[in-house]
Every structure is written in structure tokens, then in C-alpha cells.
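Working notes, beginning with the structure itself.
All residue numbers refer to positions in the sequence shown, counting from 1.
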Amino acid sequence: MARVVLTKGLTQFTGGEGEIELEVSSVRELLRVLGERYPALEPHLGSLAVAIDGQIYQDAWLEPIPPDSEVH
């Protein structure tokens with residue numbers, strides 16, 4: 001499972017939850033799962049850059065997220 005760490009600015013939409021373990025295989029799936037789990041967060045997900053194990057991606061919907069990755 002990937003360890004997902006949200007910025008402080010996003011935790012206001014997750015009830016304060018800042019670290020989540022998720023079983024996702026791509027950036028698209030990550031954003032979908034986050035939007036389903038936290039509906040208040042969903043409108044803010046389309047404009048985010050995502051860092052996977054330190055590498056930053058913007059609009060890379062199909063970028064794979066390997067198991068045991070850290071995603072910010």
C-alpha cells in the first residue's frame with residue numbers, strides 16, 4: 001500500500017487526517033479514491049501536483065504508483 005501524505009492546506013477537507021494508507025496503482029486512481037473518501041476534497045484534486053517517492057508529476061494521470069511508495 002502507498003503511504004499518502006497530504007499538505008496541511010488539504011487536511012481541512014479530510015477532517016484533519018494527513019496520512020493515509022491506500023491501495024492504488026496510478027495517480028488517476030489515487031485522486032478518484034481520495035475524492036470518494038473525502039467528498040469535500042474532490043473539487044481541489046484536479047489542480048494538484050503529486051510527488052511519488054520524491055519525483056514531482058503534474059497532470060500525469062496514468063503515472064504508476066508502485067506498492068510501498070510515499071506520495072505527497
Side-chain angles (χ1 to χ4, degrees):
M1 277 206 242
R3 178 176 172 249
V4 179
V5 180
L6 301 173
T7 64
K8 210 166 243 228
L10 294 178
T11 60
Q12 65 183 317
F13 304 110
T14 65
E17 198 168 357
E19 291 189 23
I20 309 148
E21 296 278 331
L22 294 176
E23 187 75 39
V24 293
S25 61
S26 69
V27 170
R28 176 180 281 167
E29 185 178 14
L30 168 69
L31 298 179
R32 181 185 57 77
V33 169
L34 286 173
E36 289 173 356
R37 184 177 282 193
Y38 307 105
L41 180 61
E42 198 275 329
H44 306 279
L45 295 174
S47 62
L48 295 179
V50 176
I52 303 169
D53 295 325
Q55 177 69 42
I56 299 173
Y57 299 92
Q58 179 74 45
D59 298 328
W61 309 115
L62 301 178
E63 188 64 38
I65 298 176
D68 300 322
S69 291
E70 185 168 291
V71 182
H72 290 258

Euclidean distance, E70 CD relative to R3 CZ, rounded to 0.5 Å: 4.0 Å

If we ignore hydrogens and angles and just use 3.5 Å, is the side chain of E42 paired with the main-chain N or O of P39 as donor and acceptor? no

Does L10 belong to the same Ile/Leu/Val/Met/Phe/Trp/Tyr cluster as V5, with side-chain heavy atoms less than 4.5 Å apart forming each link? no

Taking all non-hydrogen atoms of both residues into account, name the closest pair between G35 and L45 and its distance. N-CD1, 3.6 Å

Heavy-atom side-chain contact between I20 and R37 under 4.5 Å: yes

From the options V33, L31, V4, V71, select the one residue that forms a side-chain contact (heavy atoms from CB on, under 4.5 Å) with V24. V33

Would you name the heavy atoms of I65 and V27 that are closest together and state the gap between them? CD1-N, 3.9 Å

Would you say the side chain of I52 lies within less than 4.5 Å of the side chain of P66, judging by non-hydrogen atoms? yes

One should read off an interatomic distance between L34 CG and E29 CD, to the nearest 0.5 angstrom, of 10.5 Å

Between atom CG of L41 and atom CD of Q12, what is the distance when rounded to the nearest 0.5 Å? 9.5 Å

Test: ring pair (Phe, Tyr, Trp, His ring centres under 6.0 Å). Region: residues 1-34. Which pairs qualify, not counting sequence neighbours? F13-H44

Which heavy atom in A49 sits nearest to a heavy atom in Q58, and how many Å separate them? CB-OE1, 3.2 Å

With a 4.5 Å limit on heavy-atom distance, are the side chains of L62 and S26 in contact? no

Tightest non-hydrogen contact, residues L6 and E17, listed as CD1-O, 3.8 Å

Which heavy-atom pair separates G18 from T11 by the least distance, and what is that distance? CA-CG2, 3.6 Å

Looking at every non-hydrogen atom in both residues, tell me the closest pair between G46 and D59 and how far apart they are. O-OD1, 4.4 Å

Measuring from atom OG1 of T7 to atom CG of L48, what distance do you get when rounded to the nearest 0.5 angstrom? 7.5 Å

